[in-house]
Amino acid sequence: MRSPLYVTRPMLPDLGHLDGLLKEIWASRIVTNGGPLHGRLESELTSYLGVPTAMLFNNGTIGLLAVLKLFDLPPGSEVITTPLTFAATAHAIHWNGLRPVFADVCPETLTIDPASVKKAITAKTSAILGVHVYGTVCDVEALQSIANEHGLKLIYDAAHAFGAEIDDCPVAMFGNASVFSFHATKLFNTLEGGLVATPNPDDREKLYYLRNFGIRNEDEVVEIGINGKMNEIQAAIGLLNLPQVEQERCRRRALREMYNDALDGLPGIRFQAPQSRVKQSEQYYPVVIDATIFGRSRDDIYEELKARNIFARKYFHPICTDYEPYRGFPIFSARVEPYVQKVKSQVLCLPFFGDVDKKDVEEISLVFRRPSAVRRVRAAS
Ligand code: T4K
């Protein structure tokens, strides 16, 4: 049996280099609360991401909580989002005392569908929270025009979109704010971590307070803040990983090409359409498997890969409206049936990180290309 192949593996720095930074931390004994490495990383990421405001957080979820607080959305108001996302997106809305409202996704991009967003707008809507899911960016122009027309805040969950650009413009310059995740499973990671970016330099001050209990100084607390602080060891990992990120992105880009070639021409298999104006973050490699054409389902392929020690993932199945707390929440759609209800059983994210090699891709493609044991068993029964 081959060694396990996971959907992703974290990029890690050279241990010798980490040792140097750990010695700095040990010498200063400043281990958190905005230490020197935190300051360095925040400033490097501000330049890297090309935004006026870039504030580190201890994870993406707390970043989402803080960003929803940043805009003082009316309590109980509605935030329109996609159900095809990680739990954190919807939960952050709920934790803010707001109501998540779900809108369908575009069949081509699997990002939130602007026409469906329009169907979901009511007098109570205060914001749209789009997700650049798998690294595919949302239709930022259409969403902005809806937000402008209805006076809504436009926020992006950019957990999958680190370093993405649209027409050479950093992705975080679109909308009112974007939230990145630096979790171990992300292209750029700080083990756990996150960042809130906005195109507005004036947001810095409030985000600073929201991240640190609202503390202005020893005598004043000016916001209902939270503990969103990244510690010095996370920052050290980030400082060492940042210079490696473009190389990892290039390796993934090459891997994407390999997969595209290996799976090309298979009826019923669709992979992420390239977005001509976009520099892709290269976060995930999702394929959409239409069992009625392909002959085997997403779950068949998932199981066959698993039997070979290859661990693809069904992100994001179940979708948010399948979770117990959101069961019964409608999915607003410009279509007769929400497309997301169909595609949630069809998406599979294949192993996607720099160390996945040609042999791995060949092995995976063989599973797609040959009649499976599952299918033979089914046919025989
Ligand atoms: N918004 C979106 C759209 C998101 O996708 C996420 C996070 C967030 C917001 C929230 O951001 P954070 O608060 O997390 O910063 C993972 C991650 O835990 C989660 O961060 C991520 N999305 C989500 C898509 O994936 P799981 O349950 O799939 O993780 P897990 O532990 O099964 O890991 C997947 C594979 O990665 C493992 O099979 C092996 C590999 N792995 C994982 C870890 C943690 C490693 O090799 N090393 C590791 O340390 O959720």
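Order of appearance sets the numbers: ligands from 1, and atoms from 1 within every ligand. By convention here, the first residue in the shown sequence is residue 1.
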Checklist entry - Who's closest to atom 23 (C) of ligand 1 heavy-atom-wise, of Phe353, Phe86, Tyr134? => result Phe86
Item to check | Rounded distance [0.5 Å steps], CD1 in Ile233 versus CG in Leu18 | outcome: 8.0 Å
Checklist outcome for this item: Candidates Lys186, His183, Lys314; heavy atom nearest atom 22 (N) of ligand 1 found on Lys186
Checklist entry - Which atoms from ligand 1 have a heavy atom of Asn59 less than 4.0 Å away? => result 13 (O), 15 (O)
Checklist outcome for this item: Near Thr85 (heavy-atom distance under 4.0 Å), the atoms of ligand 1 are 3 (C)
Checklist entry - Which atoms of ligand 1 sit under 4.0 Å from any heavy atom of Ala88? => result 8 (C), 9 (C), 10 (C)
Checklist entry - Is the Phe162 ring parallel, tilted or perpendicular to the Phe180 ring (thresholds 30°, 60°)? => result perpendicular
Item to check | Enumerated ligand 1 atoms positioned under 4.0 Å from heavy atoms of Tyr6 | outcome: 38 (O), 39 (C)
Checklist outcome for this item: Heavy-atom proximity to atom 40 (C) of ligand 1 ranks first, among Thr82, Thr8, Leu5, for Thr8
Checklist entry - Going by heavy atoms, is Gly193 under 4.0 Å from ligand 1? => result yes
Checklist entry - Does CZ belonging to Arg99 count more than 12 external heavy atoms closer than 6.0 Å? => result no
Item to check | Protein contact of atom 28 (O) of ligand 1 - nearest heavy atom, named by residue and atom, plus distance | outcome: Tyr315 OH, 2.5 Å
Checklist entry - So is there a nitrogen or oxygen of His160 less than 3.5 Å from a nitrogen or oxygen in ligand 1? => result yes
Checklist entry - Relative to the ring of Tyr326, is the ring of Tyr323 parallel (under 30°), tilted (30 to 60°) or perpendicular (over 60°)? => result tilted
Next on the checklist: Please determine whether the number of non-hydrogen atoms from other residues, nucleotides or ligands lying under 6.0 Å from atom CZ of Arg2 exceeds 12.
Outcome noted: yes
Next on the checklist: Surrounding CD of Glu220 (heavy atoms of other residues, nucleotides or ligands, distance under 6.0 Å), is the total greater than 12?
Outcome noted: yes
Item to check | Non-hydrogen atom of Pro10 closer than 4.0 Å to ligand 1 | outcome: yes
Checklist entry - Does a donor on one side chain sit under 3.5 Å from an acceptor on the other, for Asp104 and Ser116? => result no
Next on the checklist: Counting only heavy atoms from other residues, nucleotides and ligands, does the tally under 6.0 Å from OH of Tyr315 exceed 12?
Outcome noted: yes
Checklist entry - Any idea which of Thr185, Asn189, Thr190 brings a heavy atom closest to atom 16 (C) of ligand 1? => result Thr185
Checklist entry - Looking just at side-chain N and O atoms, do Asn96 and Lys69 make a donor-acceptor pair shorter than 3.5 Å? => result no
Checklist entry - Would one find an N or O of Leu64, backbone or side chain, under 3.5 Å from an N or O of ligand 1? => result no
Next on the checklist: Does the plane of the ring in Phe188 sit parallel, tilted or perpendicular to the ring in Phe182? Use 30° and 60° as the thresholds.
Outcome noted: perpendicular
Item to check | Atoms of ligand 1, numbered as shown, that sit under 4.0 Å from any heavy atom of Arg313 | outcome: 26 (P), 27 (O), 28 (O), 30 (P), 32 (O), 34 (C)
Next on the checklist: Contact between ligand 1 and Phe311 is defined here as a heavy atom of the residue under 4.0 Å from a ligand atom; is it met?
Outcome noted: no
Checklist entry - Under a 4.0 Å heavy-atom limit, does Thr89 contact ligand 1 with its side chain, its backbone, both, or neither? => result side chain
Next on the checklist: Taking NZ in Lys119 as the centre, count heavy atoms belonging to other residues, nucleotides or ligands within less than 6.0 Å. Is the count above 12?
Outcome noted: no
Item to check | Of the listed options Ala159, Ser181, Ala184, closest to atom 11 (O) of ligand 1 (non-hydrogen atoms) | outcome: Ser181
Checklist entry - In Å and rounded to the nearest 0.5 Å, what is the CD to CD distance from Gln234 to Glu192? => result 7.0 Å
Item to check | Centroid-centroid under 6.0 Å between Phe316 and His160 rings | outcome: yes
Checklist entry - Counting heavy atoms only, which part of Asp157 comes closer than 4.0 Å to ligand 1: side chain, backbone, both or neither? => result side chain
Checklist outcome for this item: Ranked by distance from atom 35 (C) of ligand 1, the top protein heavy atom is Val7 CG1, 3.9 Å
Checklist entry - Is there a donor in the side chain of Gln272 and an acceptor in the side chain of Tyr259, or the other way round, less than 3.5 Å apart? => result no
Next on the checklist: For Phe57, which part has a heavy atom under 4.0 Å from ligand 1: side chain, backbone, both, or neither?
Outcome noted: neither
Item to check | Numbering as shown, the atoms of ligand 1 that approach Arg9 to under 4.0 Å (heavy-atom distance) | outcome: 45 (C), 46 (O)
Item to check | Protein contact for atom 31 (O) of ligand 1 (heavy atom, distance under 4.0 Å) | outcome: no
Next on the checklist: What I want to know is whether Glu192 and ligand 1 share at least one N or O pair that is separated by under 3.5 angstrom.
Outcome noted: no
Item to check | Ligand-side contact atoms (ligand 1) for residue partner Tyr284, heavy atom cut-off under 4.0 Å | outcome: 24 (C)
Checklist entry - Would you call Lys359 and Glu362 a salt bridge, using N to O less than 4.0 angstrom? => result no
Next on the checklist: Tell me the contacting part of Thr61 for ligand 1: side chain, backbone, both, or neither, using a 4.0 Å heavy-atom threshold, strictly below.
Outcome noted: both
